[in-house]
Amino acid sequence: MIRKSSELRLGLVLVVLFALLLTPSLAAAAPPRQQASTPNSWPPAPYLVQDINTSTAPSNPRELTAVGDIMFFVADDGIHGEDLWASDGTIDGTRLVKDLQPSRQFYYPNQLTAMGGKLFFEGDDGIHGEELWTSDGTETGTRMVKDIRPGAVGSFPASPIAVGNTLFFWAGEDLHGFELWASDGTEAGTRLVKDIRPGLASSNSTPISAAAVGDLLYFIADDGVHGLELWVSDGSEAGTRLVVDINPGSAGSGMFYGSPPNMVAIEDVVFFAADNGINGRELWSSDGTEAGTHLVRDIFPGSDGSWPGSGSGLHAAGQTVFFSADDGVHGFELWASDAAGSDARLVADIWPGTGWSSPANFAPMGDALVFIADDSVHGLELWSSNGKEAGTYLVKDVHPGSAGSVGLAWQVLHPVVVDGTVYLWLDDGVHGFEPWASDGSEAGTRLVKDVRPGFGGAQWPWPNSAGLDDTLLFTANDLITGVELWVSDGTDNGTHLVKDIRTDNDRSWLSYGLVVAHGENLFFAATDSRHGNELWTSDGTGLNTRLVADILPDSDSAISEYTGLALIGDSVFFAADDGIHGSELWASTGTAGETHLVADI
C-alpha cells in the first residue's frame, strides 16, 4: 500500500508539472484563402478586414474546429454573447452562424466536434435546454438534431466521439438517466444506443475513457450490477454489450484510472490496466469479445498489482506494447507484450534487484523504443529496446558517473523524433544541457552543438522544438543573442542560429507553440527590439526568417506570450490585439498582405 500510494502521489505531481509547463496548440484542416491586394512592405503593414464592432473589448475566440473549408469557433461580439461563428478567412466568410438564444444570460455553445462534413455541438436555444445541434455553416443549416429531453432543462449531451459516420455521446433524459446515445446527424437517426443501467439511474454520470478502435467504441459503464467495466458498441443495441465482468460484483475493475490514460491499441486489440479484485491492477487486453478479453499476465502476484504504465502510460512500437511495471522483485522496470496480448515479459532488469530504473519519456522509433532509465550506475540516461533483453541497452553514458545526463529535466523532457533521429537535451557534465542527437547506437549518439560554450548550457528555460522536414527547429540561448530560433540537421556545421530576431541581446520570447505548416514554413510568435511579440515565419534559413506583420505597431505586443496557434491548411489562426479592436481572431498565410483581422467580433 505504501508503494502504491507513492506512485499515485508521483502521478499527481507530474500532472501538476505538465499543467504548469505545457501550453495548448490546435491543429485542423484547410480553408481556401482570399488573395489580398495590399502590397508587401517592411515593416509589413496589416490591414483591417472587417470592423464589425467598434468596441475594444475582446471577443476571445476559442474552440477552433475545422470542418472541411470552414473553421468554426465560439466568440462574443458584444451583442449576442458567446455564440457560434464560422470563417473561411475572408471578410464575407466570417460571420455569426446563428444566434441560438437571443435573450441568453449564461450560455455558450461547447464541445464542438467534426463528423461527416458537419459540426456537432451542445447548444441551447432557450426553449429546449442544452441539446445536440449540428451546423453546415449557414443559419438555415444550423439546427437542433433532436430534443432528447423535452422541456427547458435539456439532455446535456457530453463527450462526443466520432466513430466513422456515427457520433457517440452521453445524454440524460427522464426515462433512462444518463446513457450512451448515437447519431448520424438526423433526428430519426439519433437514438439511445442502449439503456445500460435500466431505469432512471445512469450507467455513467461522468463519461470518461472512451476510445475508438476501428468501427467500435470501447468505453466504461456501470449497469448497476457489475460496477464500472469495459463495454463495446457498434452503435446498435444488440451490438452494445459488457465485454466481460473483470471484477465480479458491483465494485468494478477500476479501469483507466490514473494519468496518463492507460489504454493503447494495436490493430484490433486494445490494451489497458484493470483490477479483477484478485490480482490487483494488471495489464489486460481485449478484442471486444468475452473470450478474447484476458489478463495478459499477473506481473505482481497478489492483490497489490504491478500498476502497469503508472506515470508513463502504455506505448506501441511496431507490434510491441511497452510499459513500466513492478513485479515486486525488480521494482519498476521495462516490460513488453506482443500485439496479440498472449503474454507480458520483463524486458530487462535495468536496475538490478528491487531498485527502480523507472523507465519514462518513451519515444517509438520504428519497431524500437527509446526512453530514459537509471541502472543505478550511470544515473538517468538514454536507453533503447526492441522488446528483447539482448536488444535493450544503454545507448550512451553521456554523463559518466552516477549523476546521469538527464537529471531533473526528465520531468519535462520530450524527445523529438525527426527522420529516424531522436533529439533531446542532455548534460554531459561539461557543456551543460545542450541538444543531442541519436540513431539509437552509441556511435550515433552525439552532442549536436555546444550552443552556449561552457558549463551553463543553452537550455532556457525548457527547450521548445519541432520537426521541419528532415531538420529540427528549436529555441536556445547562446548568451550572445539571447533566446532565439535555431535549426539543426543533426551535425555541428548544420546547427546554427536561424536569425537574431531581437538584436538588443534580450531574448525574443519565442512562443511555446512552434507550428509547422506543410513541412515548409514555421510560424511562431517572437519579440524583437522594435516590434514586441508579433507573428514571425521561417523556413529554417536566416534569409527567410522574418516578421510577418507588425499588428500592434512600435514595441507593444499584439500576441500574448502564451497564445496558441491553430493551423488550417496553409493558414495560421491566432488571437491578437492591434490596439484598436481588442483581442480578436486573426489569420495569416505568411505574408503581410495576407495577415489580417478575420473579424472584429
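Numbers for residues simply follow the sequence, beginning at 1. Computed over heavy atoms, backbone and side chain alike; hydrogens, waters and symmetry mates excluded.
- Considering only heavy atoms from C-beta on, Asp124 stays 4.5 Å or farther from Trp133 through its side chain.
- Within the model, atoms NE2 of His176 and CD1 of Ile148 stand 12.0 Å from one another, a figure rounded to the nearest 0.5 Å.
- Contact record, Val296 with Ala344: CG1-N, 3.5 Å, taken as the closest heavy-atom pair.
- Ion pairing of Asp222 with Arg197 is present here, as a side-chain N (NZ or NE/NH1/NH2) and a carboxylate O approach within less than 4.0 Å.
- With sequence neighbours left out, the side-chain hydrogen bond (donor to acceptor under 3.5 Å, both in side chains) criterion links Asp349 to no other residue.
- The closest side-chain heavy-atom distance from Val163 to Phe168 is below 4.5 Å.
- A donor-acceptor contact shorter than 3.5 Å is absent between the side chain of Gln319 and the backbone of Asp367.
- Considering only residues two or more places apart in sequence or on other chains, Ser324 meets the side chain to side chain contact (heavy atoms under 4.5 Å, CB included) condition with Ser312, Phe332, Pro359.
- Between the side chain of Lys118 and the backbone N or O of Ser135 there is no donor-acceptor pair closer than 3.5 Å.
- In terms of heavy atoms, Ala575 sits closest to Ser583 at CB-OG, 3.8 Å.
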Starting from the C-alpha separation in whole Å, work towards a yes-or-no answer on side-chain contact (heavy atoms from CB on, under 4.5 Å) for Val269 and Ile266. CA-CA 6 Å; Val269 178; Ile266 296 182; 5.6 Å; no
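- Counting heavy atoms from C-beta on, the side chains of Leu112 and Phe121 come closer than 4.5 Å.
- The OG atom of Ser306 sits 7.5 Å away from the CG atom of Asp326 when rounded to the nearest 0.5 Å.
- Counting heavy atoms from C-beta on, the side chains of Phe323 and Ile299 come closer than 4.5 Å.
- Evaluation of the salt bridge (charged side-chain N to carboxylate O under 4.0 Å, His left out) test over residues 235-248, restricted to residues two or more places apart or in two chains, returns none.
- Judged as a salt bridge (charged side-chain N to carboxylate O under 4.0 Å, His left out), and not counting sequence neighbours, Arg297 has no contacts.
- Under the salt bridge (charged side-chain N to carboxylate O under 4.0 Å, His left out) criterion, Asp184 pairs with no residue at all, not counting sequence neighbours.
- No side-chain donor-acceptor contact under 3.5 Å links Arg281 to the backbone of Ser303.
- Considering only residues two or more places apart in sequence or on other chains, Val145 meets the side chain to side chain contact (heavy atoms under 4.5 Å, CB included) condition with Phe120, Leu132, Thr134, Arg143, Ser183, Thr190.
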Evaluate side-chain hydrogen bond (donor to acceptor under 3.5 Å, both in side chains) for Asn110 paired with Glu122, printing each intermediate quantity in order. CA-CA 5 Å; Asn110 62 87; Glu122 182 187 65; 2.8 Å; yes
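- Remark: Asn247 engages no residue in a side-chain hydrogen bond (donor to acceptor under 3.5 Å, both in side chains) (not counting sequence neighbours).
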Evaluation steps, side-chain contact (heavy atoms from CB on, under 4.5 Å), between Leu217 and Val232: CA-CA 6 Å; Leu217 179 77; Val232 67; over 6 Å; no
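- At least one side-chain heavy atom of Trp335 sits less than 4.5 Å from a side-chain heavy atom of Asp327.
- With hydrogens and angles ignored, the 3.5 Å screen pairs no side-chain donor or acceptor of Glu131 with any backbone N or O of Met144.
- Minimum interatomic distance between Ala265 and Val213 (heavy atoms only, all atoms of both residues): CB-CG2, 4.2 Å.
- Note that the CG atom of Leu192 and the CG atom of Leu175 stand 9.5 Å from one another [nearest 0.5 Å].
- Residues Val270 and Ser285 are not in side-chain contact: their nearest non-hydrogen atoms beyond the backbone lie 4.5 Å or more apart.
- Each of Phe574, Phe573, Trp85 was checked for a side chain to side chain contact (heavy atoms under 4.5 Å, CB included) with Val598, and the lone residue meeting it is Phe573.
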Would Asn361 and Phe371 count as a side-chain contact (heavy atoms from CB on, under 4.5 Å) if you check the C-alpha gap in whole Å, the side-chain angles of each, and the deciding distance to 0.1 Å? CA-CA 5 Å; Asn361 302 96; Phe371 58 99; 5.9 Å; no
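- Residue pairs satisfying the salt bridge (charged side-chain N to carboxylate O under 4.0 Å, His left out) criterion with at least one member in residues 331-345, sequence neighbours excluded, are absent.
- Note that CG of Leu242 and CG of Leu230 are 8.0 Å apart. Values are rounded to the nearest 0.5 Å.
- For Thr293, the side-chain hydrogen bond (donor to acceptor under 3.5 Å, both in side chains) test picks out Ser286, with sequence neighbours left out.
- With sequence neighbours left out, Ser236 forms a side-chain hydrogen bond (donor to acceptor under 3.5 Å, both in side chains) with Asp234.
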What verdict does the side-chain contact (heavy atoms from CB on, under 4.5 Å) test give for Val422 and Val417, after you've listed the backbone C-alpha separation in whole Å, the side-chain angles of each residue and the deciding distance to 0.1 Å? CA-CA 4 Å; Val422 60; Val417 177; 4.3 Å; yes
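- The two residues Phe271 and Ser337 come nearest to each other via the heavy atoms CE2-OG, 3.6 Å.
- Using bins of under 30°, 30° to 60° and over 60° for the plane-to-plane angle, the ring pair Trp284/Phe272 lands in the parallel bin.
- Expressed to the nearest 0.5 Å, how far CD of Gln101 lies from NE2 of His128 amounts to 12.0 Å.
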Please determine whether side-chain hydrogen bond (donor to acceptor under 3.5 Å, both in side chains) holds for the pair Ser155 and Glu173, giving the CA-CA distance in whole Å, both sets of side-chain angles, and the decisive distance to 0.1 Å. CA-CA 6 Å; Ser155 65; Glu173 39 93 357; over 6 Å; no
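- With hydrogens and angles ignored, the 3.5 Å screen pairs a side-chain donor or acceptor of Tyr218 with a backbone N or O of Gly288.
- Residues Leu283 and Leu314 meet the side-chain proximity criterion, which asks for heavy atoms closer than 4.5 Å.
- Between Glu290 and Val244, the closest heavy-atom pair is CG-CG2, 3.7 Å.
- With sequence neighbours excluded, the residues forming a side chain to side chain contact (heavy atoms under 4.5 Å, CB included) with Val225 are Asp223, listed by chain and number.
- Among all heavy-atom pairs drawn from Gly235 and Arg191, the shortest one is O-NH2, 2.7 Å.
- The side chain to side chain contact (heavy atoms under 4.5 Å, CB included) search around Asp136 returns Thr138, not counting sequence neighbours.
- Counting heavy atoms from C-beta on, the side chains of Asp174 and Val153 never come closer than 4.5 Å.
- With rounding to the nearest 0.5 Å, the separation of NE2 in His315 from CZ in Phe322 is 11.0 Å.
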